[in-house]
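Just below is one structure, and these are the notes that go with it.
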Amino acid sequence: MYLVLSRGPVGMTLTELDDSGGVARGPDEVVDLGAEVAIRERTPGAGRWVWDDTSRWYPGLLRAGVRVDRCIDLRLCRAILRNSSLTAASALSRSARDGWDEPTPEPRRGGYALFEVDDEPDDGAIGEFARQRAAVAATADPARIGLLLAAESAGALIAAEMRFAGLPWRTEVHDAMLSELLGPRPMADHRPAKMQAVLESVRETLDTPTLNPDSPPELLAALGRAGLQVQSTRSWELQSIDHPAIAPLLEYKKMARMLSANGWNWLDANVAGGRFRPDYVPGGVVTGRWASKGGGGALQLPRQIRGAVVADPGWKLVVADAAQLEPRILAALSSDRGMAEAGSAGDLYAGIVASGAVDTRAHAKIAMLGAMYGATSGESGRLLPRLAKAYPRAIAFVEDAARAGERGEVVTTRLGRSSPLGTSGGYDETATAADVTRARAQARSRGRFTRNFVVQGTAAEWALCWMAGLRGRLLGLGQGVGQGRREFTAGAHLVFFLHDEVVVHCPEDLAEQVEREVRAAAADAGRLLFGALPVEFPVTVAIVDDYGQAK
DNA sequence: TATTTAAGCGCC
DNA sequence: AAAGGGCGCTTAAATA
């Protein structure tokens, strides 16, 4: 059963569809959306909601105290089906772009109201849903891309729920960290005292009393006057230089970064009521990873300040990280038994060393990253042949993806997300030597992208399945049957997601159960994507009071 | 003055 | 160690 919600000029409607997509009832006008959804959600197996855009429907429902179990997000699914090589022959894929291909419009001030009436893009949700079902049904293995659409939609629900719940954030802890590092909070537009002291040290050693180190050209000039030959002012380039100005300069850069990216202004703008509420964008990255938007910078939270993420009294944070996810995904994608074997004991990189392919764990890691990113030179490039010899199937898999990209072809993840078309990169007989060089460089760049796309994209699919499964498992924790409905934030719930890592906030007595569910959900995700393949997806779990204690 | 681009750096 | 994939954000610099 599907429950299709639409917004039109005359208001909201609900249409029930049976499993074959036929109209079973409706469309009926919906007057009280919150009540309507709540009633349906109380009925087990009531169906899956179908709507244009989770980010426009769900936040209002959550504010009204209503949680949704399952949905189809037509906008997110359209983006996948529009591009997927598996549905390339479908009417949907061949149709002209329309409103369903557009990104979510920016919300009006104050966000979307629960009962807002708005026009849907171009065609009704029922029509779009039918087109999407037809596209899926015509594929060789509808369950494959069907799983991707369900996982993507579950991700949209989770993103809204995590924003609603918020990441517990202790302002006073954060403030203490900033004061310790930079000095106490200064007046607006002044540098904190410790930072100012470090700056003076830089100015003195470079003999430039008015230096603004935040200006790369100015800094470059000052370094030049001191006799330091550098191409840029990047920290990693400065690191190796032996000069009394370098240490304080690197320290200043560290401080300046913290102040501007996650300082007091960030705190004022992003933390309220003891919660940080990131604005996640599911599917925001071409590979299927999530993006984020707004000043929060949720996916770039520095390790340095994670200690400000503190569980509520009597609660714990369960921090779970999928260990070496991308290499394991590659092993599974390529059915490389040797690499799967290397990861079976726990530490994949240690397993690679044990196999004799390389001599140290650090080398194993560098070589693997190089294989997945397309390194050609440096340490990583040199180690690659050794890896290729030990794990020919895995390396051939990424090499094939790279060659396909260089030829201008599309590559596709395990569940069916395809890479976007690249720019031509070709040249004709009128091309100059420079044109040819440029075109080849572009082709190689495209190859590095497609090489990484298959791994990163499939890892993102695994992570979505992991998190969606975990969400379902958490729901059943700590509440007996028949206790009635309650706010989901009263029990174990997801509060953070970072590509291959999740954080669950839960009452203390549930933490160990949560840990078990996290591991079980990871095993489920592996089976969902790869069936019986003997590739394991171990999870590192830490039960902590603050996020800084994890790892 | 307002908007866009580039540099640099944080995360995976 | 500093070459390779994907992002977003802040500041300074460049442009309109």
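- Rounded to whole Å, the distance from CH2 on W290(A) to C1' on dC7(C) is 15 Å.
- The CH2-P distance, from W264(A) to dT10(C), rounds to 17 Å in whole Å.
- What separates NZ of K365(A) from P of dA2(C) is a distance of 17 Å, to the nearest Å.
- Residue S292(A) is classed as a sugar-phosphate contact, given heavy-atom separations below 4.0 Å to backbone atoms only.
- For DNA chain B, no neighbouring residue in residues 382-390 of chain A is found when judged by any heavy atom under 4.0 Å.
- Checked against side-chain hydrogen bond (donor to acceptor under 3.5 Å, both in side chains), R75(A) has the following partners two or more places apart in sequence or in another chain: D53(A), T104(A).
- Between H174(A) and the options W264(A), F276(A), Y547(A), W266(A), a ring-ring contact (aromatic ring centres under 6.0 Å, His included) holds for only W266(A).
- When the nearest nucleotides of DNA chain C are assigned to I366(A) and T376(A) by heavy-atom distance, the more 5′-ward of the two goes with I366(A).
- E399(A) is linked by a side-chain hydrogen bond (donor to acceptor under 3.5 Å, both in side chains) to R403(A), R451(A), counting only residues two or more places apart in sequence or in another chain.
- If you check every strand for non-hydrogen atoms under 4.0 Å, V455(A) touches nothing.
- For the pair M372(A) CE and dG4(C) P, the interatomic distance rounds to 16 Å; values are reported in whole Å.
- Residue Q239(A) is the one, among Q239(A) and N265(A), whose nearest nucleotide of DNA chain C lies closer to the 5' end (criterion: closest heavy atom).
- For the salt bridge (charged side-chain N to carboxylate O under 4.0 Å, His left out) condition, no pair includes a residue of residues 455-468 of chain A, sequence neighbours left out.
- With 3.5 Å as the limit, one finds a donor-acceptor pair spanning the side chains of Y391(A) and S355(A).
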Contact state string [nucleotides 6-12 of chain B, B base, S sugar-phosphate only, - no protein heavy atom under 4.0 Å]: -SBBBSB
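- The side chain to side chain donor-acceptor pair (under 3.5 Å) pairs that include a residue from residues 375-388 of chain A are H363(A)-E379(A), where partners are two or more places apart or lie in different chains.
- Remark: the T458(A) side chain and the T413(A) side chain contain no N/O donor-acceptor pair separated by less than 3.5 Å.
- Applying the side-chain hydrogen bond (donor to acceptor under 3.5 Å, both in side chains) test to Q549(A) and every residue at least two apart in sequence or in another chain returns D546(A).
- The nearest whole Å value for the distance from the CZ atom in R448(A) to the P atom in dC7(C) is 14 Å.
- In the set dG6(C), dG8(C), dA13(C), dA13(C) carries the atom at the smallest distance from any side-chain atom of S215(A).
- Every residue two or more places apart in sequence or in another chain was checked for a ring pair (Phe, Tyr, Trp, His ring centres under 6.0 Å) with H499(A), and none qualifies.
- For A159(A), the side chain to side chain contact (heavy atoms under 4.5 Å, CB included) test picks out Y280(A), P282(A), W290(A), with sequence neighbours left out.
- Residue pairs meeting the salt bridge (charged side-chain N to carboxylate O under 4.0 Å, His left out) criterion with at least one partner in residues 166-195 of chain A, sequence neighbours excluded, are R170(A)-E172(A), R185(A)-D268(A), R191(A)-D214(A).
- One atom, CD of E237(A), and another, P of dA2(C), lie 12 Å apart when rounded to the nearest Å.
- If you check residues 198-209 of chain A against DNA chain B, you find no residue with a heavy atom closer than 4.0 Å.
- For the pair M368(A) CE and dG4(C) C1', the interatomic distance rounds to 13 Å; values are reported in whole Å.
- With distances taken from any side-chain atom of S380(A) to the nucleotides dG5(C), dA13(C), dG4(C), the minimum falls on dG4(C).
- Atoms CZ (R444(A)) and P (dG4(C)) sit 10 Å apart, rounded to a whole Å.
- Each side chain to side chain donor-acceptor pair (under 3.5 Å) pair with one or both residues in residues 147-163 of chain A, not counting sequence neighbours, appears once here: Y58(A)-E161(A), E152(A)-R417(A), E161(A)-R471(A).
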